[in-house]
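Values below: every heavy atom of this structure, side chains too, minus hydrogens, waters and symmetry copies.
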Amino acid sequence: QSSVSSLFNWYSDLIDLQAPYARYVTTIHDEEIRMVPENMVDKFKQDMDTVVKHINEQLAWDIDLRFGFVSGKDLYAAK
């Protein structure tokens, strides 16, 4: 288990609540893959930003955590 696994799980739980339309697919190393309807990609990015902001507010660390976002029609296109 990674030292950040509890933070990652917290993020994943909050995304499930904030964006239930974004179906969890898998986690590869430190990347969570979700299936999002094409017409909801922009909303998902906004929901993700909301979750990340909440996490950073709760942690109140000197340096904010950062979470990346990439979209594509499939995993190959997103990489």
Side-chain angles (χ1 to χ4, degrees):
Q1 286 286 349
S2 156
S3 61
V4 297
S5 63
S6 60
L7 290 173
F8 196 81
N9 289 337
W10 184 25
Y11 163 81
S12 188
D13 290 345
L14 290 174
I15 283 291
D16 286 342
L17 293 172
Q18 183 75 27
Y21 56 87
R23 185 174 57 86
Y24 174 82
V25 176
T26 191
T27 300
I28 302 171
H29 301 292
D30 63 347
E31 297 179 2
E32 185 173 277
I33 311 299
R34 289 187 175 258
M35 200 75 136
V36 177
E38 280 188 61
N39 65 333
M40 301 291 283
V41 171
D42 291 337
K43 175 157 179 32
F44 179 73
K45 175 64 171 118
Q46 292 172 348
D47 288 338
M48 186 182 136
D49 290 344
T50 299
V51 166
V52 171
K53 180 179 178 188
H54 172 76
I55 288 172
N56 283 315
E57 288 171 350
Q58 294 299 308
L59 292 173
W61 289 351
D62 291 337
I63 299 172
D64 286 345
L65 293 177
R66 293 180 298 156
F67 292 75
F69 174 82
V70 178
S71 66
K73 297 222 178 263
D74 55 36
L75 185 57
Y76 181 77
K79 291 305 259 178

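- If you take CD1 on I55 and CG on L7, they are separated by 7.5 Å, rounding to the nearest 0.5 Å.
- Atoms CG and OG, from L17 and S12 in turn, are 10.0 Å apart once rounded to the nearest 0.5 Å.
- More than 12 heavy atoms of other residues, nucleotides or ligands sit less than 6.0 Å from atom CD of E57.
- Residues M35 and I33 share a hydrophobic cluster, clusters being chains of Ile/Leu/Val/Met/Phe/Trp/Tyr side chains in contact below 4.5 Å.
- Residues F69 and V41 are in side-chain contact: their nearest non-hydrogen atoms beyond the backbone lie under 4.5 Å apart.
- Under a cut-off of 6.0 angstrom, the local environment of NZ in K45 is crowded, with over 12 non-hydrogen atoms contributed by other residues, nucleotides or ligands.
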**OP:** I would like to know whether Q18 and T50 meet side chain to side chain donor-acceptor pair (under 3.5 Å); could you show each step before the answer?
**Re:** CA-CA 8 Å; Q18 183 75 27; T50 299; 4.8 Å; no
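- The neighbour count for I63 CD1, taken as heavy atoms of other residues, nucleotides or ligands under 6.0 Å away, does not exceed 12.
- Other residues, nucleotides and ligands contribute over 12 non-hydrogen atoms within 6.0 Å of the CG atom of D16.
- Here the shortest heavy-atom pairing between A77 and G72 reads CB-CA, 4.2 Å.
- For the atom pair H54 NE2 and Y11 OH, the distance stands at 13.5 Å (nearest 0.5 Å).
- Here the side chains of F8 and T27 are in contact, with some heavy-atom distance below 4.5 Å.
- V51 and Y24 fall into different hydrophobic clusters, where Ile, Leu, Val, Met, Phe, Trp and Tyr side chains are chained together by heavy-atom contacts under 4.5 Å.
- Annotation: the span from M40 atom CE to Q46 atom CD amounts to 10.0 Å, rounded to 0.5 Å.
- In this structure, CG in D47 is found 11.0 Å from CG in D42, a value given to the nearest 0.5 Å.
- Both W10 and M48 belong to a single network of hydrophobic side chains, linked directly or stepwise wherever heavy atoms of I, L, V, M, F, W or Y lie under 4.5 Å apart.
- When V25, I15, T26 are each tested for a side chain to side chain contact (heavy atoms under 4.5 Å, CB included) with R34, only one passes: I15.
- Using a distance-only test at 3.5 Å, with no hydrogens or angles considered, a donor-acceptor pair links the side chain of Y21 to the main chain of F44.
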